[in-house]
Engineer: 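Dropping a structure here in C-alpha cells format, bear with me for questions.
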Amino acid sequence: MARAAAKSHVPADSSDRAANLRVAAVFGEIADLLEVEGQNPFRVRAYRNAAHELGGLGRDLAAMVAAGDDLTELPGVGDDLAGKIAEIVDTGSCAALDELHRAWPPTIHDVMRVPGVGPRRARSLFEQLAVRTLADLRAAAEQRKIRELPGFGATSERNILDALAGLLGTGRRLPLADARVHGERLLARLRAAPGVIEAVIAGSYRRALATVGDLDFLVTARSHNGAIAALVGAPDVVHVLAEGPTRATVVLRSGLQVDLRVVGRDSFGAALHYFTGSKAHNIAVRRLGVARGLKINEYGVFRDERRIAGRTEASVFAAVDLQFIPPELRENRGEIAAARAGELPRLVAAEQLRGDLVLVEVGDEASAVVAAAAAAARARGQEYLLIVHEVPARARAHVDWAARLKAAAAACAEHELAPLQGLELDISQRTCPDEHVDFVAARLSHAPRGASHPALLRIVGGAREGDAARDPTALVRMAVGGALAVVGDPARLTALEPELQAARAAGVPVVLGSGGEPGGGQASRLELAVSQARRAWFEAEAVVNSRPLAEVRELLAPRRQARRRA
DNA sequence: CAGCCGTGGCTGAGCGAAATCATTTTCGC
C-alpha cells in the first residue's frame, strides 16, 4: 500500500532544544576530557550530572538565558556552570572546553567510547602511541603496538579490534518495542533454565523508557542454576563480554547488549529495585536509608549486619517509609517526595481505556484499517473508536470524505463499536472542510522521515489554530482547550517525554491509542502509549479515552463559534 | 563543581563483579 510522502507541517521542535542539547554535549565532552586528565572525580561528575539534567530538561535554555532567568535554580547547576551555559548559548562553545582541546584532541572521546577503553587507557594510548582517532586506534592495534603498552595485552588488543569491527555492542539505543521482542524470547529461555526460580527484566526496559540501551535480566535461583549458561548459549548471542558465577554480559546479533544478574531469593526485591534504577532514583533512596542508619544495596536493606528488608520491592520502599513507587516514575523527578507524602499519582492503566485511537491515511483503504482496529478494540472490551482521517491539503479536493467517513463508520458498526470520527488538518488550515465530523485534529510534527503519521497529534477541540509549535510548551499551549493525542507507534515514539510532561503540567488531557496498524499488534502499541503517559505521571482522569463515549464526544466537539477569547 | 549549613570549607554513593594483567581498569545501577 502506497504511503503518502513524509511531510512535516510544523518545524521540528528539535531546533528549539538545540541549545539544550548543545550545552549537554559540551558539558559531556568537558567531563570526558577532565576525566582523561585525571581531574577530581566529583568535578567530572558535576559536569556529567548537569549534562544529564539539561539534556532532559523540558525548558528551552536559550529562552531562559534570553529572559535572564536564574540558571542556578536548575538541578546540578551552580554559579560556575550557569556562566558556562550562558557562554555556550551565546557562542556555541566555551573557553574551558577550548582550553582542554589544547591538551587533548576532541576525538579522544570517541576512543573512550570503545568498550574496554576508559579514560585511563585512552590517555595511555594517546600519550604513548599518539592515538587520536578511532582510525589511529585500529592502526595501532593492527600493527600490534597496543599489546606492548603496560596495562594492555594481546587480549585487550584483540578486544579493541573486535569492538571496532562492530562485533560488540553498537551503543545505539533500541526502541522499546524492538527490545521487547528480544527480551521476551530470552526471558522464556531463562525461565526454562535449570535451577531458575524467577526471571524478570529490570533496567530502563522496566521503566518503559522509549528507547533502551541494553536489557537487564534479573534471576533468582536455587543453589545451582543454569541461567548463566542459558544466556551465553542463546542462539543469537554473538559475543560474551563477561561470564561469572553471578553475572554475565553478552551481545546479541542485533547489537543489543544483555546483562544478567543472579541473586538469592531473599535479595530479589532489593536487587529488582536496584537494577531497575534509575541511577538518580537509587541514589536518592539510598540517601533516605543512610538518614535512617540503614545500608541499602542490591542484596537487601541492612541495619548493621542484619537484613531487615529486601525480599520484595515493597519491603525496600517500606524500610525508608515510602509508598511503592511504580517503575515508570523512578527518575528522581519528585516521586520520592510524593511517595513519602502518600501522594503518588494513580497512574493510568491500559485496562482503563474505553476506546482506541486510529489514524487513517488517504492511501489506506479506510474500512480495512478501521475494521482491524475495531476487532482488536472489541476484543479488549472497549466501547468506541476514535478515528482520525488524514487530510493533506493537496489531496483534499480529490477525496470523497463523506464516503470515507461512512465506510469507517460501517466497519465500526460491524464490531459493535461506536465511531467518533475526525479529520486531521494541516496545521495551516483554519477551517474544517466537513461539517459532519465529531472532532478536528491537527498534526504536530514528530514524524521522522519516511513516516507520514505523527506520534503526536493535537485534537483541537474548540481552540483556534495557534502559531506553529516551536517548543514543548508552545506545543502544549496549542493544545490547551483540546487534547494531545499520543500514538504508540514504536518507530515514532521517541523523545515525547518533554511534551507529555508539559501537557500534564498544563492540565492538557491526552488521548492514548495504538494508531491502528492493519498488521495487528494493537495491544502492544496501546500499552506503549500508556506507558509513556505513565512516565509523565498521567492519571486516568486526564486521559480522554478513559471516559464514556458521551463525555468524549462533548469534550472533543468542535466549537466553531468559539474563537479568540480576551 | 554543586550543595549544604558550621556561609567558607567540607563532602560527595560506592561497591561488586569481572576481565585482564600482574594490580589496575572498566562497567554497571
Side-chain angles (χ1 to χ4, degrees), chain A residues 27 30-31 34-36 38-53 71-85 96 112-125 146-160 163 168-169 171 202-207 209 212-218 228 232 239-250 257-263 267 270-291 294-299 302 327 330-332:
Chain A
F27 283 179
I30 290 176
L34 288 176
E35 199 173 24
V36 170
Q39 289 278 353
N40 179 352
F42 296 107
R43 196 175 163 209
V44 173
R45 188 186 294 165
Y47 280 101
R48 288 237 162 89
N49 282 346
H52 180 75
E53 295 285 352
L71 299 173
T72 63
E73 299 288 312
L74 298 172
V77 176
D79 288 337
D80 188 272
L81 294 190
K84 289 191 170 75
I85 290 170
M112 280 176 68
R113 291 289 165 276
V114 175
V117 180
R120 307 286 181 101
R121 289 179 153 186
R123 177 174 184 164
S124 170
L125 288 163
I146 291 179
R147 65 180 64 189
E148 307 299 332
L149 294 185
F152 292 84
T155 311
S156 299
E157 193 175 81
R158 179 77 250 155
N159 287 344
I160 285 170
L168 304 186
S204 53
Y205 178 94
R206 183 160 180 250
R207 301 202 312 278
L209 213 58
V212 302
D214 62 4
L215 284 177
D216 288 299
F217 287 87
L218 177 67
I228 301 279
V232 302
H239 204 85
V240 178
L241 291 176
E243 182 184 359
T246 66
R247 209 196 105 192
T249 301
V250 302
Q257 182 171 313
V258 177
D259 294 323
L260 167 65
R261 273 103 170 178
V262 183
V263 299
S267 297
L272 181 57
H273 177 254
Y274 190 73
F275 293 123
T276 295
S278 68
K279 187 169 168 176
H281 168 91
N282 286 352
I283 291 172
V285 170
R286 193 176 174 139
R287 205 168 269 148
L288 291 180
V290 169
L294 304 173
K295 187 174 106 179
I296 302 175
N297 60 25
E298 62 264 51
Y299 298 111
F302 298 89
R330 301 184 196 169
E331 302 290 346
N332 197 27

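The chains referred to below are lettered A, B, ... by the order of the sequence lines, with proteins before strands, and numbering in each begins at 1.
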Engineer: Let me spell it out: for each of A/Arg121 and A/Glu243, pick the nucleotide of DNA chain B with the closest heavy atom. Which residue's pick is nearer the 5' end?
Structural biologist: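 Counting from the 5' end, the first nearest nucleotide belongs to A/Glu243.
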Engineer: Flag the pair A/Leu81 / A/Tyr47 as yes when at least one side-chain heavy-atom distance between them is below 4.5 Å, and no otherwise.
Structural biologist: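 Answer yes - side chains close enough.
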Engineer: Indicate, with a heavy-atom threshold strictly under 4.0 Å, whether A/Asn297 touches base, sugar-phosphate, or nothing.
Structural biologist: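 No contact.
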Engineer: Taking the C1' atom of each, how far is B/dT23 from B/dA18, in whole Å?
Structural biologist: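 That atom pair is separated by 14 Å.
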Engineer: Using the P atoms only, state how far B/dT20 lies from B/dG28, rounded to an integer number of Å.
Structural biologist: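 These two P atoms come out 15 Å apart once rounded.
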Engineer: Which nucleotide of DNA chain B is the first, and which the last, in the 5' to 3' direction, to come under 4.0 Å of a heavy atom belonging to chain A?
Structural biologist: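 Listed 5' to 3', the contact boundaries are B/dC1 to B/dC29.
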Engineer: Indicate, with a heavy-atom threshold strictly under 4.0 Å, whether A/Val77 touches base, sugar-phosphate, or nothing.
Structural biologist: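 Sugar-phosphate, no base atom in range.
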Engineer: Which atom names give the shortest non-hydrogen contact between A/Met112 and A/Ala122, and what distance separates them?
Structural biologist: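 So the minimum-distance heavy-atom pair works out to CG-CB, 3.6 Å.
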Engineer: Among residues at least two apart in sequence or on other chains, which ones pass side chain to side chain donor-acceptor pair (under 3.5 Å) with A/Thr249?
Structural biologist: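 Applying side chain to side chain donor-acceptor pair (under 3.5 Å) to A/Thr249 gives A/Arg247, A/Asp259.
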Engineer: For A/Phe275, report the nucleic acid contact type (base, sugar-phosphate, nothing); a contact means any heavy atom under 4.0 Å.
Structural biologist: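 Sugar-phosphate contact only.
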Engineer: Between A/Ala96 and A/Lys84, what is the shortest heavy-atom contact and its length?
Structural biologist: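 Looking at all heavy atoms of both residues, the shortest contact is CB-CE, 3.5 Å.
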Engineer: With a 4.0 Å cut-off on heavy atoms, is A/Arg286 in touch with a base, just the backbone sugar-phosphate, or nothing at all?
Structural biologist: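 Here A/Arg286 touches the bases of the nucleic acid.
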Engineer: So what does A/Thr276 hit on the nucleic acid, given a heavy-atom distance under 4.0 Å: a base, only sugar-phosphate, or nothing?
Structural biologist: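 If one applies the 4.0 Å heavy-atom cut-off, A/Thr276 turns out to touch the sugar-phosphate alone, with no base involved.
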Engineer: Check A/Ile228 against A/Pro245 and note the closest heavy-atom contact, atom names and distance.
Structural biologist: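 Smallest heavy-atom distance, with atoms named: CG1-O, 4.1 Å.
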Engineer: Heavy-atom count check: over 12 atoms from other residues, nucleotides or ligands less than 6.0 Å from A/His52 NE2?
Structural biologist: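 Counting other residues, nucleotides and ligands, NE2 of A/His52 stays at 12 neighbours or fewer.
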Engineer: Contact between A/Ser267 and A/Glu298 at the side-chain level, heavy atoms closer than 4.5 Å - yes or no?
Structural biologist: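 Result no, sub-4.5 Å side-chain heavy-atom pair not found.
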Engineer: Could you tell me whether A/Asn40 atom CG has more than 12 heavy atoms of other residues or ligands within 6.0 Å of it?
Structural biologist: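 For A/Asn40, atom CG is crowded (more than 12 foreign heavy atoms under 6.0 Å).
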Engineer: Between B/dT7 and B/dA2, how far is it from one C1' atom to the other, in whole Å?
Structural biologist: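 The answer is 15 Å between these two C1' atoms.
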Engineer: Pick base, sugar-phosphate or nothing for A/Pro119, based on heavy-atom distances below 4.0 Å to the nucleic acid.
Structural biologist: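 Sugar-phosphate contact only.
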Engineer: Using atom P in both nucleotides, what's the gap between B/dG6 and B/dT11 to the nearest angstrom?
Structural biologist: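 Straight-line distance between the two P atoms is 14 Å.
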Engineer: A side-chain contact here means heavy atoms from C-beta on lying under 4.5 Å apart; do A/Ile146 and A/Ile160 qualify?
Structural biologist: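 Yes, side chains in contact.
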Engineer: With A/Glu243, which residues qualify under side chain to side chain donor-acceptor pair (under 3.5 Å), at least two apart?
Structural biologist: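 A/Glu243: no side chain to side chain donor-acceptor pair (under 3.5 Å) contacts found.
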Engineer: Please list, chain by chain and in numerical order, all residues satisfying side chain to side chain donor-acceptor pair (under 3.5 Å) with A/Arg113, sequence neighbours excluded.
Structural biologist: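 Per chain and number, A/Arg113 pairs via side chain to side chain donor-acceptor pair (under 3.5 Å) with A/Asp32.
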Engineer: So that I can compare with my own list, what are the stems of DNA chain B, taken as at least three consecutive Watson-Crick or G-U pairs with distances under 3.5 Å?
Structural biologist: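 Counting only runs of 3 or more consecutive pairs, the stems involving DNA chain B are B:1-5 with B:8-12, B:14-19 with B:24-29.
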Engineer: Between B/dA22 and B/dG12, how far is it from one P atom to the other, in whole Å?
Structural biologist: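 34 Å, rounded to whole Å.
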Engineer: When you match A/Gly153 and A/Asp216 each to their closest nucleotide on DNA chain B, which lands nearer the 5' end?
Structural biologist: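 Final value for this comparison: A/Gly153.
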Engineer: Heavy atoms only, 4.0 Å cut-off, all strands: where does A/Arg247 land among base, sugar-phosphate and nothing?
Structural biologist: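 Since a base atom lies under 4.0 Å of A/Arg247, the category is base.
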Engineer: Between residues 45-53 of chain A and DNA chain B, which residues have a heavy-atom gap below 4.0 Å?
Structural biologist: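 Listed by number, they are A/Arg45, A/Ala46, A/Tyr47.
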Engineer: When all nucleic acid strands are considered with a 4.0 Å heavy-atom cut-off, which category describes A/Tyr299: base, sugar-phosphate, or nothing?
Structural biologist: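 If one applies the 4.0 Å heavy-atom cut-off, A/Tyr299 turns out to touch the sugar-phosphate alone, with no base involved.
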Engineer: Give me the distance, rounded to whole Å, that separates B/dA13 from B/dC4 when you measure between the P atoms they each carry.
Structural biologist: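 Per the computed distance, 12 Å lies between those P atoms.
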Engineer: Could you please spell out the steps behind the side chain to side chain contact (heavy atoms under 4.5 Å, CB included) verdict for A/Glu35 and A/Arg123?
Structural biologist: CA-CA 9 Å; A/Glu35 199 173 24; A/Arg123 177 174 184 164; over 6 Å; no
Engineer: Taking atom P in both B/dT26 and B/dC21, compute the distance separating them and give it to the nearest angstrom.
Structural biologist: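 Those two atoms are separated by 12 Å.
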